[in-house]
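Written out below as structure tokens is the structure these notes cover.
Whatever order the structure lists ligands and atoms in, that order sets their numbers, starting from 1. Bear in mind that the values here come from a model prediction, so they are computed numbers and not experimental data.
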Amino acid sequence: MTAHTLEYAWRTDRGRVRAGNEDAVAVDPALGFLIVADGIGGARAGEVASALAAEVIAKRFREHMAYQIPSDAAQAFVETAIQDANLAIWTLSKAEPDLSGMGTTVVVGSVGDAWLAFGYVGDSRLYRLREGRLEQLSRDHSFIQEVVDQGFFSTREDARRYGIGANILTRALGSSSKVKVSGGVADLARGDIFLFCTDGLTGMVPEDWLCQVLTASFGNDLEPAAEALVRLANERGGNDNITLALLRVGGPSTESR
Ligand SMILES: [Mn+2]
């Protein structure tokens, strides 16, 4: 499936404040996909929405992902899978009064031969650590990101200091029958670490700390790094559910295919 050896690790944690966990994660190293979602909605509706998103997208990968497709086809596949999830959530929210208004963010990765195709809606994020630098590959669909993009503030931190709420989404799955999906394709290089995560991680742990923990994982297993990120978010308050999925790119694969 790929020219590199790949390692995966993932976690979801309730955090220290919330009564339930409305995040969802689904990862399949054999099929090469990663899904992270953060549900929105009263009672247990958020939990239903994020779980349904992960389920619909994972099912689509299991049933329809073709072997060795080009990266642009994988990006289109991810986009369609996310649109399927959106329609399923929207349909269920219309059918069940208890689930009315439910929604979720989602960020999805599809790993191919030397590339990662990705798609997302909302403020769950994708980062890539390369050569000691952590770069956000996604761009939040949030009000705070929008005021930064429009030039009212130079950074999200500035906007937050001014009192702009960090958790107002401008796009989510489930709010209408169609959704606009953002995405792209990133190349894989040896040593890269990709981080898919919800705002329960990024809202608690500064980016330079994320960078340090991931950088420190080189030469070690990936699992302790995943564990350390959850622990850090909890130590710094754990105000929200914390979910992450990691993909680390190793050396050339010895498998010939
Ligand atoms: Mn959250």
Is the shortest distance from a Lys or Arg side-chain nitrogen in Asp192 or Arg248 to a carboxylate oxygen in the other one below 4.0 Å? no
Rounded to 10 degrees, the angle OD2 of Asp38 makes with OD2 of Asp240 at the Mn ion (ligand 1): 170°
Are Arg139 and Asp149 within salt-bridge range, i.e. N to O under 4.0 Å? yes
Can you name the N/O/S atom of Asp199 that is nearest the Mn ion (ligand 1)? OD1
Ring-face cation contact, Tyr120 with Arg125, 6.0 Å cut, 45° max: no
Quiz question: by atom type and distance under 3.5 Å, do the side chains of Ser124 and Asp38 form a donor-acceptor pair? no
Metal check, the Mn ion (ligand 1) vs Asp23 N/O/S, cut-off below 2.8 Å: no
